Amino acid sequence: MRIGYPCVNETLDCSSSTTFRLASYSNERVETTVANNLACLRRILEYNVAHELRFFRISSGIVPFGSHPINTFPWQTRFAAEFRAVGDYIRAENLRVSLHPDQFVVLNSPSADIVQRSIAELEYQGAMLDLMGMDSQAKLQIHVGGLYGDREVAIARFIATYRTLPEAVRRRLVIENDDRLFSLQDCLRVHEAVGIPILFDNFHHECLNHGEPMAEALRLAAATWHPERDGVMMMDYSSQQLGERKGKHTSTLEEELFREFLSHLHGLDVDIMLEIKDKEASACRAVSVLRELQLVAAEVTSA
DNA sequence: ACAGGTCAAGGTGCT
DNA sequence: AGCACCTTGACCTGT
């Protein structure tokens, strides 16, 4: 089991997603920005190794305007060695990485333009993983998309588009159950049609479900991951921020809730991404919680 | 120097 | 029809 956090390290004094305005685009600016972002990514991964955080969501913003037509800079060749070095480090340390394209990637949109731009963005993010030399266990995580007033049509359109995706994207793509529109059950239907793995989000499941207990939901999602092709199931973990609207992520890890969640795994191996506001601080606490549980288990065994 | 408005991109739901 | 929200920082302009 690996523990991780998304995109941003709040301890280090660098960002791996520095960008600039479209209006101030230049090739030179792309080159210096990518160089800085990759250097920061490397520092973050080294920090993570030092803190036993072996799962990390790489920022989508490593290459500014990475899928925008304005970006004609040959970043793939210019930074081939740098990407490769990051990938070598990831493999040497047995880290797991993923990327999460943001809400603008909507494969089931009725607009052909939006779908085309979405695929271009997925290709850009997949290309980074390819340059790192990552296999298909490094995942691109998206949601099913919009409802457009008809769930059945929306799901059918996702499936149809999925089948047209280039292999470099499709072999890494996974869908996440969301908190308002597409539940675990909806994702399972997509999985049954095309075999795409489901990245389970426990908090979204708490917000939107059909009564499946947590342990059952975990088991269902885990069964959609092919061990060799996809690796151990990835999941997002969070909990409700008390006093805020439903769906608001907690600002810091609630250790009791986390322990309770872990009890539903029943030995299932998962890589857990903590979608929690204070990032690596909570991730480090999660590692401590796990270590304590392992110590207790070891004492029980030896006694 | 600093504050505040703004930034490529979508969709939902409330008022 | 318009705006807040998801989620986020930090870029950039105006003072």
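So you know, we letter chains A, B, ... as the sequences are listed, proteins then strands, and number each from 1. This structure is a prediction, so every number in the text was calculated from the model and none was measured.
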Between [X] and [Y], is any pair of side-chain heavy atoms under 4.5 Å apart?
| X | Y | result |
| --- | --- | --- |
| A/L45 | A/E93 | no |
| A/Q141 | A/M273 | no |
| A/T33 | A/F20 | yes |

Report task. Quick one: pull up CG in A/L173 and CG in A/L107 and give me the separation to the nearest 0.5 Å. Result ->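 One gets 6.5 Å once the value is rounded to the nearest 0.5 Å.
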Query raised in the report: So how far is it from A/I272 CD1 to A/R96 CZ, rounded to the nearest 0.5 Å?
Result: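 Here the interatomic distance stands at 12.5 Å.
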Query raised in the report: Which other residues end up in the same hydrophobic cluster as A/V106, if Ile, Leu, Val, Met, Phe, Trp and Tyr are linked when side-chain heavy atoms come under 4.5 Å apart?
Result: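 Reading the cluster by chain and number, A/V106 sits alongside A/I114, A/Y148.
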Query raised in the report: Base, sugar-phosphate, or nothing for A/T18, non-hydrogen atoms under 4.0 angstrom?
Result: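 Answer is sugar-phosphate: A/T18 comes under 4.0 Å of backbone atoms only.
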Report task. Report which part of the nucleic acid A/S15 touches: base, sugar-phosphate, or nothing (heavy-atom distance under 4.0 Å, all strands). Result -> sugar-phosphate
Between [N] ([atom2]) and [X] ([atom1]): distance, integer Å:
| X | N | atom1 | atom2 | result |
| --- | --- | --- | --- | --- |
| A/L274 | C/dT7 | CG | P | 15 Å |
| A/R180 | C/dT7 | CZ | C1' | 13 Å |
| A/E176 | C/dC6 | CD | P | 15 Å |
| A/Y5 | C/dT8 | OH | P | 14 Å |
| A/D13 | C/dA10 | CG | C1' | 15 Å |
| A/L181 | C/dC6 | CG | P | 14 Å |
| A/I276 | C/dT8 | CD1 | P | 12 Å |
| A/D179 | C/dC6 | CG | C1' | 9 Å |

Requested in this report: Using chain A heavy atoms and a threshold of under 4.0 Å, write down where along DNA chain B the contacts begin and end, 5' to 3'.
Outcome: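 Span of nucleotides near chain A: B/dG5 to B/dG13.
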**Report entry** Canonical and wobble pairing (Watson-Crick, G-U, under 3.5 Å) of DNA chain C, dot-bracket with |
**Finding:** ||||||..|||||||
Query raised in the report: Do A/F261 and A/Y237 make the cut of ring centroids closer than 6.0 angstrom?
Result: yes
Which atoms of nucleotides 12-15 of chain C (N or O only) lie under 3.5 Å from a protein N or O atom, and what are those distances?
{"from": "C/dC12", "atom 1": "OP1", "to": "A/R21", "atom 2": "N", "distance (Å)": "2.9"}
{"from": "C/dC12", "atom 1": "OP1", "to": "A/S24", "atom 2": "OG", "distance (Å)": "2.3"}
{"from": "C/dC12", "atom 1": "OP2", "to": "A/R29", "atom 2": "NH1", "distance (Å)": "3.4"}
{"from": "C/dC12", "atom 1": "OP2", "to": "A/R29", "atom 2": "NH2", "distance (Å)": "2.8"}

Query raised in the report: Looking at DNA chain B, which of residues 146-166 of chain A put a heavy atom within less than 4.0 Å of it?
Result: A/G146, A/L147, A/Y148
Query raised in the report: Between A/K279 and C/dT8, does any side-chain N or O lie under 4.0 Å from OP1 or OP2?
Result: yes
Query raised in the report: Can you tell which of A/D130, A/D135, A/D230 makes a salt bridge (Lys or Arg N to Asp or Glu O under 4.0 Å) with A/R171?
Result: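 Output: one option passes, namely A/D130.
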When you compare [N] with [M], how far apart are their [atom1] atoms, in angstrom units rounded to a whole number?
| N | M | atom1 | value |
| --- | --- | --- | --- |
| B/dC2 | C/dT8 | P | 27 Å |
| B/dA8 | C/dC12 | P | 9 Å |
| B/dG13 | C/dG9 | C1' | 26 Å |
| B/dG5 | C/dC3 | P | 15 Å |
| C/dT7 | B/dT6 | C1' | 15 Å |

Query raised in the report: Between A/F104 and A/S118, what is the shortest heavy-atom contact and its length?
Result: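 Taking A/F104 first and A/S118 second, the nearest heavy atoms are O-OG, 3.5 Å.
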Query raised in the report: At their closest point, which heavy atom of A/R229 faces which heavy atom of A/K139, and how far apart are they?
Result: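 Of all heavy-atom pairs spanning A/R229 and A/K139, the closest is O-NZ, 4.3 Å.
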Query - Cation-pi geometry met for A/R42 and A/Y89 (6.0 Å, 45°) - result: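 That pair qualifies as a cation-pi contact.
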Query raised in the report: Distance under 6.0 Å and angle within 45° of the ring axis: does A/R151 meet both against A/F182?
Result: yes
Query raised in the report: Stepwise, does the side-chain hydrogen bond (donor to acceptor under 3.5 Å, both in side chains) test hold for A/D186 with A/S183?
Result: CA-CA 5 Å; A/D186 294 319; A/S183 66; 3.3 Å; yes
Report task. Under the side chain to side chain donor-acceptor pair (under 3.5 Å) rule, collect the residues that match up with A/N48, sequence neighbours excluded. Result ->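 Side chain to side chain donor-acceptor pair (under 3.5 Å) list for A/N48, sorted by chain: A/Y5.
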Query raised in the report: On DNA chain C, nearest-nucleotide positions of A/Q103 versus A/V8: which is more 5'?
Result: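 First, find each residue's nearest nucleotide; the 5'-ward one identifies A/Q103.
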Report task. Answer yes or no: does atom NZ of A/K277 have more than 12 heavy-atom neighbours from other residues, nucleotides or ligands under 6.0 Å? Result ->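 Not buried by this count: 12 neighbours or fewer within 6.0 Å.
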